[in-house]
Amino acid sequence: PWHPEGSRGIHSNRTPTPAERSEGVQYLSMLLDIYPGIKVAALGNTASATLTELGIEHVKLRHPANGGAPQFRSGLASLSAELLEK
């Protein structure tokens with residue numbers, strides 16, 4: 001949920017800095033403590049790499065930027081269907 005704003009405003013993005021990633025990990029830890037056992041989804045390569053480094057099991061979704069919107073929607077629909085089955 002902590003989207004680093006890109007140079008073109010709130011609807012653009014950029015890769016988070018190491019400091020931003022570190023801060024995000026602190027919030028992620030708090031959320032995982034509040035919701036133990038929750039299914040975690042990573043939005044893009046950076047999020048997936050961070051979760052892998054932390055040893056957190058997750059589903060990787062394609063980031064919708066740069067032409068990835070169709071794959072993102074498909075992945076999110078699959079994840080939603082999987083969660084609804086449970």
To the nearest 0.5 Å, tell me how far [X] [atom1] sits from [Y] [atom2].
| X | Y | atom1 | atom2 | answer |
| --- | --- | --- | --- | --- |
| Glu57 | Thr52 | CD | OG1 | 10.5 Å |
| Ser48 | His63 | OG | NE2 | 12.5 Å |
| Leu51 | Leu28 | CG | CG | 6.0 Å |
| Ile38 | Ile56 | CD1 | CD1 | 12.0 Å |

How close do [X] and [Y] get, heavy atom to heavy atom, and via which atoms?
| X | Y | value |
| --- | --- | --- |
| Pro4 | Glu20 | CB-OE1, 4.0 Å |
| Arg8 | Ser12 | N-OG, 3.2 Å |
| Gly67 | Arg62 | C-NH2, 4.2 Å |

Given the rule that I, L, V, M, F, W and Y join up when any side-chain heavy atoms are under 4.5 Å apart, are [X] and [Y] in one cluster?
| X | Y | value |
| --- | --- | --- |
| Leu54 | Tyr35 | yes |
| Ile34 | Val25 | yes |
| Val59 | Leu83 | yes |

* Asked: Hey, does the side chain of Ser80 reach the backbone of Leu76 with a donor-acceptor pair shorter than 3.5 angstrom?
  ->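 Confirmed, Ser80 side chain pairs with Leu76 backbone.
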* Using atom types as modelled and distance alone, determine if a side-chain donor or acceptor of Ser74 lies under 3.5 Å from a backbone N or O of Pro70. =>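 Checked: no pair found.
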* Asked: Is Glu5 salt-bridged to Arg14, cutoff N-O under 4.0 Å?
  ->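 No salt bridge links Glu5 with Arg14.
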* Does a sphere of radius 6.0 Å around CD in Glu82 hold more than 12 heavy atoms from other residues, nucleotides or ligands, not counting ones at 6.0 Å or beyond? ->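 More than 12 heavy atoms, drawn from other residues, nucleotides or ligands, come within 6.0 Å of this atom.
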* **More than 12 heavy atoms of other groups within 6.0 Å of Asn66 CG** =>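 Incorrect, the count does not exceed 12.
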* Hey, does Leu43 have a side-chain heavy atom less than 4.5 Å from the side chain of Lys60? ->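 SC-SC contact between Lys60 and Leu43 ruled out.
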